[in-house]
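Below is one structure; the comments refer to it alone.
Numbered from 1 within each chain, the chains take letters A, B, ... in sequence-line order.
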There are 2 protein chains.
Amino acid sequence: MSAAEQTPGGEDVTWGEVAPEAARRLLVAAVEAFAERGYHATTTRDIAGRAGMSPAALYIHYKTKEELLHRISRIGHDRALEILRAAELRDGAPADRLADAVRSFVRWHAERHTTARVVQYELDALGPEHRAEIVELRRETEATVRRIIEEGVAAGEFDVADPAGTTVAVLSLCIDVARWFNAQGRRTPDEVGAFYADLVLRMVGYRAQK
Amino acid sequence: MSAAEQTPGGEDVTWGEVAPEAARRLLVAAVEAFAERGYHATTTRDIAGRAGMSPAALYIHYKTKEELLHRISRIGHDRALEILRAAELRDGAPADRLADAVRSFVRWHAERHTTARVVQYELDALGPEHRAEIVELRRETEATVRRIIEEGVAAGEFDVADPAGTTVAVLSLCIDVARWFNAQGRRTPDEVGAFYADLVLRMVGYRAQK
DNA sequence: GGCGACTCTAAGCGCTTGCTCAGCTTCGTT
DNA sequence: AACGAAGCTGAGCAAGCGCTTAGAGTCGCC
């Protein structure tokens with residue numbers, strides 16, 4: 001895990017906003033369970049058990065199992081969007097910003113692949129209202145990437161016939177890292193991020209000016 | 001749907017090997033239900049209902065709900081592998097064969113995205129033995145693509161630093177089409193296939209000799 | 001030291017789940 | 001006409017589900 005996702009003390013900062021501590025423990029347990037078995041195959045008893053609590057304790061902190069998923073999904077999507085926006089607002093040529101966006105976005109999906117798997121692949125398990133809210137966040141995510149690509153095209157840096165289609169493909173490629181990435185695998189999140197940044201620059205037809 | 005996936009009469013050929021007819025109807029119903037809601041959220045009553053039968057009828061043709069998923073997964077993986085192998089064995093330069101493989105593989109995932117969604121994303125719902133069998137097929141799928149890429153590198157057509165990693169990325173990109181593709185969307189399966197073939201040639205550093 | 005607010009548990013309710021089974025119908029075969 | 005096999009249904013079982021409730025323990029605050 002990179003330092004960016006930890007407090008100076010080394011504690012995971014992802015769920016720092018979730019309080020009190022029992023609610024956070026339940027949420028972390030839910031992320032693990034959902035990632036392992038999927039939302040529908042996970043029982044509230046399993047979540048409570050992983051958090052070291054009785055099944056009823058869950059309902060003191062969350063109204064329903066679906067609300068747990070929503071909290072996870074919301075925080076995860078906020079973080080993913082934040083990462084992309086930070087890259088978009090940075091100084092530098094479009095190619096640099098696109099590479100930066102892909103690098104940090106992919107690194108997050110690899111590093112936190114457990115969370116990302118839930119965030120990216122359990123969208124359909126949300127209820128209609130919560131789903132609509134998250135879909136809106138995904139639209140903004142897509143718009144952010146598309147803007148960078150369109151700037152690159154306008155600047156003559158990229159050779160892209162269909163910016164919208166390319167955006168979908170780029171995001172699809174990056175998000176899917178959460179599905180196959182394995183912490184015991186050959187490469188670190190940093191390496192995968194760098195590799196993917198290079199792949200994406202190729203996809204947009206960028207020729208490095210060496 | 002392309003002619004390749006139909007009989008001359010126009011009937012869907014994908015599940016042609018499944019007999020008798022009632023078993024096929026149940027299987028098609030299961031594909032639809034699994035794709036819509038996911039394996040765990042689908043009830044045997046829902047499947048039987050879609051096939052116009054009582055819940056008990058399902059168990060005349062299949063031992064368990066998991067066996068249904070396995071049949072779907074097996075047939076789908078066989079078909080996907082067949083598509084890639086056909087492209088591999090064709091005449092032509094590695095770039096042509098890679099483009100061909102991606103084009104037909106992606107077209108299948110777009111055209112039959114309902115099936116592909118189940119095949120590609122419900123792997124974890126399989127029992128241990130069935131899962132192992134399918135994982136082996138996926139290994140062969142990956143090996144097929146990797147072989148084409150390595151031939152392209154050996155022939156000097158491709159500029160790829162990490163063939164194994166590139167293979168994972170290419171397959172990940174293609175498979176994920178099943179997740180986002182929408183039949184009501186802007187582009188046809190043929191168009192997406194052609195677009196993705198071009199993207200992949202860029203990813204492997206192929207320079208068209210125009 | 002007493003009280004309300006908060007956190008948690010043991011027990012369990014109502015319901016749905018995957019799956020079973022006795023029995024009815026519909027066959028092709030004799 | 002008789003019969004066994006195969007396909008299917010209505011009814012329902014045992015288990016597990018999400019969630020609720022009554023009450024116990026613990027805390028800060030006056």
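Listed nucleotides: C:dG12, C:dT9, D:dC8. Nearest to the side chain of B:H61: D:dC8. Listed nucleotides: C:dT9, D:dC8, C:dC19. Nearest to the side chain of A:I60: C:dT9. Comparing atom distances between the B:A57 side chain and each of C:dT9, D:dC8, C:dG18 picks out D:dC8 as nearest. Nearest to the side chain of A:M53, among D:dC19, C:dC19, C:dC8, sits C:dC8. The side chain of B:A56 sits closest to D:dG10 out of D:dG18, C:dT17, D:dG10.
Taking atom CZ of residue A:R45 and atom C1' of nucleotide C:dC13, one finds them 11 Å apart after rounding to whole Å. Rounded to whole Å, the distance from CG on B:L58 to P on C:dC21 is 16 Å. The distance from atom CD1 of A:I47 to atom P of D:dG18 is 8 Å, rounded to the nearest whole Å. For the pair A:Y62 OH and D:dT20 C1', the interatomic distance rounds to 19 Å; values are reported in whole Å. Rounding to whole angstrom units, CZ of residue B:R25 and C1' of D:dG7 are separated by 11 Å. Here the C1' atom of nucleotide C:dT20 and the NZ atom of B:K65 are 17 Å apart, to the nearest Å. One interatomic measurement links the two molecules: CD of A:E21 to P of D:dT26, which rounds to 18 Å at whole-angstrom precision. For A:E66 and D:dC17, the CD to C1' distance is 17 Å, given to the nearest whole Å.
Contact between the side-chain N/O atoms of B:Y59 and the OP1/OP2 oxygens of C:dT20 is not found at any separation under 4.0 Å.
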Practice problem: May I have the step-by-step check of side-chain hydrogen bond (donor to acceptor under 3.5 Å, both in side chains) for B:D176 and B:Y121, ending in yes or no? | Solution: CA-CA 9 Å; B:D176 210 44; B:Y121 293 102; 2.5 Å; yes
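If you check every strand for non-hydrogen atoms under 4.0 Å, B:S54 touches a base.
A 4.5 Å side-chain heavy-atom check between A:R79 and A:T14 finds every atom pair outside the cut-off. Between B:L137 and B:R74 there is a side-chain heavy-atom pair separated by less than 4.5 Å.
Taking the ring centre of B:Y62 as origin, the terminal cationic atom of B:R71 falls outside the region bounded by 6.0 Å and 45° from the ring axis.
Classification of B:R37 and A:D124 as a salt-bridged pair fails, no side-chain N sitting under 4.0 Å from a carboxylate O.
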